[in-house]
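This report concerns only the one structure given below.
Computed from heavy atoms alone, side chains included, the values below leave out hydrogens, waters and symmetry copies. Quantities reported herein were computed from a predicted structural model and do not represent experimental measurements. Every chain is numbered from 1, with letters handed out A, B, ... down the list of sequences.
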Protein chains: 2
Amino acid sequence: MQSTTKKTEERRLEIIKTAEKLFKENGYRNTPIDAIIKEMGVAKGTYYYYFKSKEDVLAAIVEYQLNLIVQTVEQIANDTSLDALTKMRLLLSGSHIGDEDTGEIVEQLHLPVNRELHEVTNIQTVLRLSPIFAKIVEQGNRENVFNTRYPLETIQFLLTGGQFLLDGGLFNFSKQEIIDRRLAMQEIVEKALGAEPRTFDFMNNKLFEEENNE
Amino acid sequence: MQSTTKKTEERRLEIIKTAEKLFKENGYRNTPIDAIIKEMGVAKGTYYYYFKSKEDVLAAIVEYQLNLIVQTVEQIANDTSLDALTKMRLLLSGSHIGDEDTGEIVEQLHLPVNRELHEVTNIQTVLRLSPIFAKIVEQGNRENVFNTRYPLETIQFLLTGGQFLLDGGLFNFSKQEIIDRRLAMQEIVEKALGAEPRTFDFMNNKLFEEENNE
DNA sequence: AAAACTTGACTGACGGTCAGTCATATGGTA
DNA sequence: TACCATATGACTGACCGTCAGTCAAGTTTT
């Protein structure tokens, strides 16, 4: 029973990973299920034994990626030895939150062809991360580095803005436009959370290191 | 020649309106082009004479609706007799920006079935309204009621948050959750624009009048 | 033997194409 | 003015290819 379950889980994961790869290469719409099963060398029915629809595997991909991220974020958020600002720095310094897993493929993600992928990811990201971040904000309130009346709602708003406007790949901004928006976002975050100006400088650290690369 | 051209425009609009109606009733995906042409009593080819794809008419619907809104917004924004805060009040008081045209149908729009409709609408709304609002913010800076370093980027962030989180129908929030988020949003807007607290009270006026209805 | 898993041919829906029809307009000719 | 030829734009609907999803039957595992 255990080995079966494990095997089943493996198959499921194999489909997820294969689909993820193909979706990122060619886009969700341009990837027929036939392509996935051909790549895997299995029959159509096998796919539908594990997933009930095409969208279903999309949701699974997002859930899988997001679980990894949530794990990391939660670990930091729950570390009682860290103050709120340190937690924020660890979570937000460098580039986007979602980068950890997707990493080098991020470029491909920005194809207009991948709207479906983004859409689901963005919404889920906001919904799952906001309660965790809200805890940190509350901690920051207690530590007197933040001053926020509605921690959850505020962080949810900020995450939404950041996710959809910057990380989501929905808007096709140029490199410079992204920089401008990230700088503005830092100010908005500081003001919204009631933190001192420049408290969130770490959000844009890497921006200037990489600025001259292209 | 003129009458021909006009007739052409009418047909195009007829398709847009028919498609809009069916999309809102049954969702974008669940509305085959065959349904649109059947409703109109024309042939498939007629549709493709005016639109090159199914997505094409979606974009046209959004463009049409948005043009109406942009017109209204621009009129207020360009009124030299109004100060920035009055403009903001006129544009933001009451409920969502996008309500003017969609109005009573808003409920239907919240079906999960209409993601495609939202997505395009949301993005376009942000892109087209942000430069106009930015002008108002700059005016507010000059009038010393606002204090914003990055007017365009800030307003774009705020619009994105508001649009996707609240107006977009992407998140299925309950009535109470929406109220909480709108209250939080007011504070964020005030802080981000550097306005005095409660300056944007008008954003949530109608909230409390309607609160007891359901 | 039962249950879990796999197969792949098949179906139906649907987006999109295209050769062709028809009414009206334009314009040349006598 | 009457007549014919040519062009144009709107429209038709049969047809095609793709693809998500089904299912009855087979194979493997427990």
If I take atom [atom1] in residue [X] and atom [atom2] in nucleotide [N], what distance separates them, rounded to the nearest angstrom?
X       : N      : atom1 : atom2 : answer
B:Ile36 : C:dG15 : CD1   : C1'   : 11 Å
A:Ile33 : C:dA13 : CD1   : C1'   : 15 Å
A:Glu9  : C:dA4  : CD    : P     : 15 Å
A:Glu14 : C:dC5  : CD    : P     : 14 Å
B:Asn26 : C:dC14 : CG    : C1'   : 15 Å
A:Asp34 : C:dA9  : CG    : C1'   : 12 Å
B:Arg12 : D:dA10 : CZ    : C1'   : 15 Å
B:Asn30 : C:dG12 : CG    : P     : 20 Å

Taking NZ, NE, NH1 and NH2 as the nitrogens, is one of them in [X] or [Y] under 4.0 Å from a carboxylate oxygen of the other?
X        : Y        : value
A:Lys135 : A:Glu138 : no
B:Glu14  : B:Lys17  : no
A:Glu55  : B:Arg29  : yes
A:Glu39  : A:Lys21  : yes

Least distance between heavy atoms, A:Ala184 atom then B:Tyr150 atom: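 Here A:Ala184 and B:Tyr150 meet closest at CA-CD1, 3.6 Å.
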
For [X], which residues count as a side chain to side chain contact (heavy atoms under 4.5 Å, CB included) partner, sequence neighbours excluded?
X        : value
A:Asn78  : A:Glu74
B:Ile37  : B:Ile33, B:Asp34, B:Val42, B:Lys44, B:Tyr47
A:Lys191 : A:Glu187, B:Lys191
A:Ser174 : A:Gln176, A:Glu177

Side-chain N or O of A:Arg11 closer than 4.0 Å to phosphate OP1/OP2 of C:dA4: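 No, outside the criterion.
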
Nucleic acid contacts of residues 43-53 of chain B, taken as heavy-atom distances under 4.0 Å to DNA chain D: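 By residue number: B:Ala43, B:Lys44, B:Gly45, B:Thr46, B:Tyr49, B:Tyr50.
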
Could I get a table of every N or O pair under 3.5 Å where one atom is in the protein and the other is in nucleotides 24-28 of chain D?
none

